[in-house]
Amino acid sequence: MTLKSFQWLLLLVQILLVVGKIRAKVPAVIVFGDSTVDAGNNNQISTILKSNFRPYGKDFFGGVPTGRFSNGRLPTDFISESFGCKPTIPAYLDPQYSIKDFATGVCFASAGTGYDNATSDVLSVIPLWKELEYYKDYQGKLSNYLGDAQAKVILSEALYLISIGTNDFLENYFVFPNRSSVFTVGEYEDFLLGIAVKFMKDIYGLGARKISITGLPPMGCVPLVRTISRPSANCLEKYNDVAKDFNKKLDNLIVKMNKELNGVKVVTANTYGIVLDMIQNPLKYGFEKVSTACCATGLIEMSYLCNQLNPLTCKDASKYVFWDSFHPTEKTNFIIADYVMKTSLAQFL
Ligand SMILES: *[C@@H]1O[C@H](CO)[C@@H](O)[C@H](O)[C@H]1NC(C)=O
Ligand SMILES: *[C@@H]1O[C@H](CO)[C@@H](O)[C@H](O)[C@H]1NC(C)=O
């Protein structure tokens, strides 16, 4: 190869690299929420709710347990990749990463948290208001790193994903009398939705314009709830009805917000239907087990009870909808991400 053709080749490679970069549809994906999207923030705090040990992460890159509550990646990781951003979103509190990494995507989520401050207190995890404080801290660092103007562009063009709310019911309302003695379940839904709307208005005020909020999943179908409702072991319809009611109210609030807030685009990533379809029609997706999880007995274990010492953990998690008694497998997470990419999030492509 002559020097001239080598230089041309080099130029071509550079053009392809630039085009590759331009192809990213958003400059960053910014995540708030609970264990459905926590990439490892809980590793850095004092809580018993952790998953940074095997067999968690056994199908992640390098088989590494990261603190994600799954055998592999989370829906948010797949979504980031689909938008042309990186294939995994780093946790803000993870000291391995710096603002250079966070500039293209960052996760503030904390397993076990909820909209309600009382929910995050149950297992001493990061409350939602604190996730917002970390986000403000991030904004400052991003401005120092890129300059105010470029940071502002990234923050307004970024995609914001919010996934939270299940724990307010499963870890709080249905377990302790504090809230259930004061609020009917409908009133509690409204209380949480008030916090959700305030949160979205807060991040809007700080510059967010593209927001996706996930409603509640069919939480009466997670293996832990089925185990508790034995001997029937069916999905607990009472819990699923709460999720459906909550999601309907959320949809109405989002319609209102889109009218009220100038320049915002908020969508609801309603995953209730797709998750229920996987549970009701597992064969369609190649699943074999839906009512029990892969890890350990699959009935009750999660976090420290789902560990390497338990010999019962299944070999092939891709045959299961649930990885532990509360959380989906990587395959389920992929299907959820694929679904929202083709529905609600398609508007941001
Ligand atoms: C939750 O706690 C924070 C910090 O103390 C407080 O600012 C906020 O008002 C509380 N939220 C609710 C709904 O009580
Ligand atoms: C319920 O209230 C008691 C007494 O105020 C408090 O100690 C406890 O932490 C609360 N639990 C929850 C889940 O809010």
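Read the numbers this way: they start at 1 and go in the same order the structure lists the ligands and their atoms. The model shown is predicted, which means the values in this text are computed figures rather than measured ones.
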Quiz item: Quick one: does N172 get an N or O within less than 3.5 Å of an N or O on ligand 2?
Solution: no

Self-check item: For A118, atoms of ligand 2 separated by under 4.0 Å from a heavy atom
Solution: 14 (O)

Quiz item: Can you find a side-chain donor-acceptor pair between Y188 and D116 that sits under 3.5 Å?
Solution: yes

Quiz prompt | Contact partition for V122 relative to ligand 2, non-hydrogen atoms under 4.0 Å | solution = side chain

Quiz item: Counting only non-hydrogen atoms of the protein, does one fall under 4.0 Å from atom 11 (N) of ligand 1?
Solution: yes

Quiz item: Have Y135 and K130 got a donor and an acceptor in their side chains that come within less than 3.5 Å?
Solution: no

Quiz item: Is it true that D121 lies under 4.0 Å from ligand 2, counting heavy atoms only?
Solution: no

Quiz item: Given N43, which of D94, L93, N52 fulfils the side-chain contact (heavy atoms from CB on, under 4.5 Å) condition?
Solution: N52

Self-check item: Ion pair check, E81 and R73, cut-off under 4.0 Å
Solution: yes

Quiz prompt | Heavy-atom donor-acceptor pair, S80 side chain to K86 backbone, under 3.5 Å | solution = yes

Quiz item: Which residue supplies the protein heavy atom nearest to atom 4 (C) of ligand 2, what is that atom called, and how far is it?
Solution: N178 ND2, 4.6 Å

Quiz item: Is there a protein heavy atom at a distance of less than 4.0 Å from atom 14 (O) of ligand 2?
Solution: yes

Quiz item: Is the closest protein non-hydrogen atom to atom 2 (O) of ligand 1 under 4.0 Å?
Solution: yes

Quiz item: How about C314 and C294, are their SG atoms within less than 2.5 Å of each other?
Solution: yes

Practice problem: Check L216 against Y272 and note the closest heavy-atom contact, atom names and distance. | Solution: O-CD1, 3.6 Å

Quiz item: For atom 6 (C) of ligand 1, what is the nearest protein heavy atom, given as residue, atom name and distance?
Solution: N117 ND2, 4.2 Å

